[in-house]
Amino acid sequence: MDFGLSEDQRQFGEALRRFLSDRVTMELRRAGGDAALWAGLTELGVPGLLVPEEAGGAGLGMLDAALVGEALGRHAAPTPFLGSAVLAPVALRSTAHLPELAAGRMRVAVGLGALTGSTGTCTLRRDGGRISGNLTGLIDAAGATHLLLALPDGALALVAAYAEGVTLRPRPSLDRLRPLADVDLTAAPAEWLAADAARVLDAGRVVLAAETLGAAQSMLDQAVVYAGQRRQFGRSIASFQGVKHACAEMAAWLEPCRAFVWYAAQAQDAPDAEAHLLACQVKAHLDEVARDVARHATEVHGGMGFTELLGLPFWFKRIAANRQVLGGPERCREEAAAAQGLAA
Amino acid sequence: MDLTLSDRHRALRADLREFIARHGHRSPPVGGGGGRKRPDQRVLDWQSLLIEHGFAARSVPTRYGGYGAEHDVLDAALITEAFNAAGISLGIQGQGIRMLVPTLLEVGNEEQRRRWIGPTIRGELHWAQGYSEPEAGSDLASLRTRAHVEDGNFVINGQKIWTSSAHYADMMFLLVRTEPDRPKHLGISYLLLPMATSGIEVRPLATMTGHATFNEVFFTDVRLPTDQIVLGRGDGWKVANVTLKHERMLLGDSSKLVHRLHRLRALLAETVVDGAPLLSRPVWRDRFLRLQGEVLAGKYHQMRLLSEASRDQDSGLGLLVVKYYGTTLAWRLATLAVDALGEAGLAYEPHDEVGEDSAATAWYADWMYDLGLIIGGGSSNIQKNIIAERGLGMPREPKPMGGA
């Protein structure tokens with residue numbers, strides 16, 4: 001048994017971190033991202049991570065995807081990774097779209113709210129072989145070439161963003177780095193997908209958990225650094241127990257999460273009867289832990305944490321938004337309960 | 001990440017399954033908050049069966065009475081996991097076995113190992129730990145119990161407190177100040193003292209659990225031959241740190257959390273109010289599921305640490321959070337249990353030397369004893385200092401002016 005990362009995974013992680021620290025500057029976050037970032041990640045093979053090798057991808061697994069998610073969360077990177085490199089490849093497995101996905105040219109906005117107890121609107125319905133109705137809150141909508149949609153009956157459909165009968169309206173979002181949109185469909189042409197929607201959701205939840213872990217880790221790291229620099233009463237505030245204990249508490253909660261994310265990710269690719277349970281629980285757990293970390297790390301920064309000056313709210317809002325996407329923790333725990341025969 | 005077990009570990013797992021199926025019914029009962037009585041014959045028989053099969057004293061060499069296997073962290077974890085999952089006893093867990101034996105194996109001399117390890121692991125000899133004092137708790141190195149040398153003997157005077165099992169222990173390993181003129185960490189010695197020596201008075205301390213688990217111990221001109229020392233005079237702090245290293249990992253063990261989660265789930269499923277089990281009610285179910293998520297994190301974290309330990313990799317921060325995470329989570333699991341027991345759980349009847357506690361009493365005893373574990377072995381506030389200073393590299397609290 002070896003519970004840890006392989007040499008390849010460590011090296012790839014290192015290359016990715018170098019790339020991200022170089023490219024994802026505060027200016028880039030403030031601008032909401034640029035095309036060069038995704039192009040650079042495409043050169044590193046990120047869009048094709050989960051695409052099989054015969055379709056031009058890297059044929060890697062969910063643990064690799066989770067590690068990328070963690071790195072993107074750590075850098076609060078504005079990328080379409082979740083929709084285009086995680087949810088879409090799982091939903092489009094064994095379709096002809098995979099090479100386009102792997103090349104980073106196909107960009108997929110995702111609306112699975114019908115399956116995750118979303119509080120938004122979803123009136124999508126089959127209309128002959130086509131699809132009609134409205135859906136609010138698609139994620140990763142900026143620059144989308146396609147839409148991946150779930151109907152209330154559990155069916156998954158792929159719709160071209162520029163097809164007739166499709167009206168996509170961008171919408172402001174709490175997390176400016178992950179743009180939202182609403183969509184109206186009038187007899188839009190749809191490709192019906194054979195993929196198991198539950199597996200698509202599980203993959204997305206694991207990667208969201210990983211991203212949230214990375215974002216929370218970054219907030220803790222920033223809090224420790226800031227506390228070490230800020231002086232009051234003639235000494236570094238990092239020497240005050242109130243501040244130290246807040247940081248220790250965050251570390252104690254966050255550190256065990258890493259192994260949980262790794263294990264839950266690995267389980268998605270193994271014949272593991274608990275894969276669905278783990279995907280639900282890991283997202284719920286990270287949502288809860290990270291919300292506390294986001295609050296306390298901001299507090300350690302004092303007034304500076306509340307302002308945009310240091311950019312800390314980018315991470316705070318990423319954590320807050322991830323919590324609500326693909327099912328909040330209450331919803332995920334309900335599904336985890338059902339997965340172990342506990343639901344009423 | 002490779003989660004498959006080696007052939008040898010798979011064989012161990014098969015041995016464990018077979019052992020538990022064949023002998024599991026002979027296990028003494030588990031749970032109910034800490035060791036509070038001298039083991040009876042059933043416990044001693046179970047202990048010798050465990051040693052014979054290598055499930056206790058596994059890596060203690062055969063010449064000292066152990067099973068003599070190579071030390072392997074994953075072996076130990078598989079054994080603990082299997083026993084906890086089956087709800088059977090891991091054998092005697094006293095401070096002699098958990099702390100003194102590993103310490104003697106690491107820094108004791110040959111005579112000490114031959115004399116003390118065998119009877120200790122068999123459960124014939126019981127040890128109390130004489131560390132804490134009324135004025136030396138978190139700041140242990142400021143301890144004041146002192147010993148001077150007179151005619152080849154240490155003469156010990158002072159007081160220890162929070163001394164588990166001193167009321168029935170045969171021996172005590174204790175820290176005393178023998179070199180008062182040296183800096184505080186360098187003036188301490190680690191002694192091995194028979195409890196029958198004259199001048200020792202043990203007074204039980206009533207604790208909130210109602211079980212007599214703690215004592216105060218007073219020493220008045222207690223004489224001990226000077227060769228009853230581990231390493232040399234002034235080396236006590238070094239020796240104690242060998243022991244404390246063993247304790248910190250044990251106090252956060254995640255298989256205990258997993259087992260407790262199973263017990264908690266059974267309790268919530270069995271407890272029926274207004275015609276429906278608590279586990280079918282959303283409020284109770286959600287509380288349970290939140291804890292399940294926290295236990296899963298602890299469980300996989302421990303797998304990571306074990307894997308790193310088997311590669312001789314220093315887990316750093318990962319290891320430092322274990323005691324705090326594990327003890328606070330254990331307490332919160334028991335908290336949901338006592339809430340589920342509700343008013344009926346208030347019938348609290350702790351037993352000491354004879355009799356077994358009811359399920360409700362055992363949950364309450366666990367709940368209160370766990371608070372003791374949050375405090376003992378380096379309190380949670382001290383753990384947070386350690387996590388912040390050693391794990392996150394934050395600065396130490398400035399020393400008060402003129403302090404030691």
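Reminder, nothing fancy here: chain letters follow the sequence lines and each chain counts from 1. Just so you know, these numbers use all the heavy atoms, side chains as well, and skip hydrogens, waters and symmetry mates.
Heavy-atom distances place no part of A284(A) under 4.5 Å from chain B, backbone and side chain included. Only the side chain of L277(A) has a heavy atom closer than 4.5 Å to any heavy atom of chain B. Contact annotation for A227(A): only side-chain heavy atoms (C-beta onward) come within less than 4.5 Å of a heavy atom of chain B. Of the atoms belonging to R281(B), not a single heavy atom falls under 4.5 Å from chain A. Interface residue Q9(A): only side-chain heavy atoms are found under 4.5 Å from chain B.
The structure places CG of L392(B) at 8.5 Å from CE of M250(A), a figure rounded to the nearest 0.5 Å. D2(B) contributes atom CG, which lies 11.5 Å from atom CZ of F3(A) (distance to the nearest 0.5 angstrom). Q340(A) contributes atom CD, which lies 10.0 Å from atom CZ of R285(B) (distance to the nearest 0.5 angstrom).
Residues M1(B) and S6(A) fail the side-chain proximity criterion, which asks for heavy atoms closer than 4.5 Å. Within the 4.5 Å cutoff, the side chain of H285(A) has no heavy atoms near those of the Q292(B) side chain. Contact of the E397(B) side chain with the F240(A) side chain is not registered, since no non-hydrogen atoms from C-beta on lie closer than 4.5 Å. Between V289(A) and E294(B) there is no side-chain heavy-atom pair separated by less than 4.5 Å. Looking at heavy atoms from C-beta onward, K244(A) lies out of side-chain contact with K384(B) at the 4.5 angstrom threshold. Residues Y325(B) and P256(A) have side chains in contact (heavy-atom distance under 4.5 Å, counting atoms from C-beta outward). At a threshold of 4.5 Å between non-hydrogen side-chain atoms, the residues R311(B) and D2(A) count as touching.
The choice from L278(A), V282(A), D221(A), L5(A) that makes the most heavy-atom pairs within less than 4.5 Å of chain B is L278(A). Ranked by non-hydrogen atom pairs under 4.5 Å with chain A, the options L317(B), L5(B), L74(B) are led by L317(B). For chain A, the option among R290(B), M303(B), R265(B) with the highest count of heavy-atom pairs below 4.5 Å is R290(B). Between chain A and the options T4(B), L329(B), T328(B), the largest number of non-hydrogen pairs under 4.5 Å is found for T4(B). The most heavy-atom pairs under 4.5 Å with chain A, out of E308(B), K299(B), H9(B), E389(B), come from E389(B).
Closest approach of Q281(A) to G293(B), counting heavy atoms only: NE2-N, 3.8 Å. When every heavy atom of A251(A) is checked against every heavy atom of I387(B), the shortest pair comes out as CB-CG2, 4.1 Å. Considering all non-hydrogen atoms of both residues, A388(B) and A248(A) come closest at N-CB, 4.1 Å.
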>> Using the rule given for side-chain contact (heavy atoms from CB on, under 4.5 Å), can you reason through L296(B) versus Y263(A), listing the C-alpha separation, both sets of side-chain angles and the distance that settles it, and then say yes or no?
In response: CA-CA 10 Å; L296(B) 287 169; Y263(A) 190 91; over 6 Å; no
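Between R304(B) and E255(A), at least one side-chain N (NZ, or NE/NH1/NH2) sits under 4.0 Å from a carboxylate O, which counts as a salt bridge.
E18(B) CD: 12 or fewer foreign heavy atoms inside a 6.0 Å radius. By the 6.0 Å contact criterion, CZ on R199(A) is open, its count of non-hydrogen atoms from other residues, nucleotides or ligands being 12 or less. At most 12 non-hydrogen atoms from other residues, nucleotides or ligands lie less than 6.0 angstrom from CD of E70(B).
By the ring-ring contact (aromatic ring centres under 6.0 Å, His included) test, W262(A) is found to be paired with no residue, residues two or more places apart in sequence or in another chain being considered.
Among the candidates E334(A), R333(A), E335(A), the single residue satisfying the side-chain contact (heavy atoms from CB on, under 4.5 Å) test with L289(B) is R333(A).
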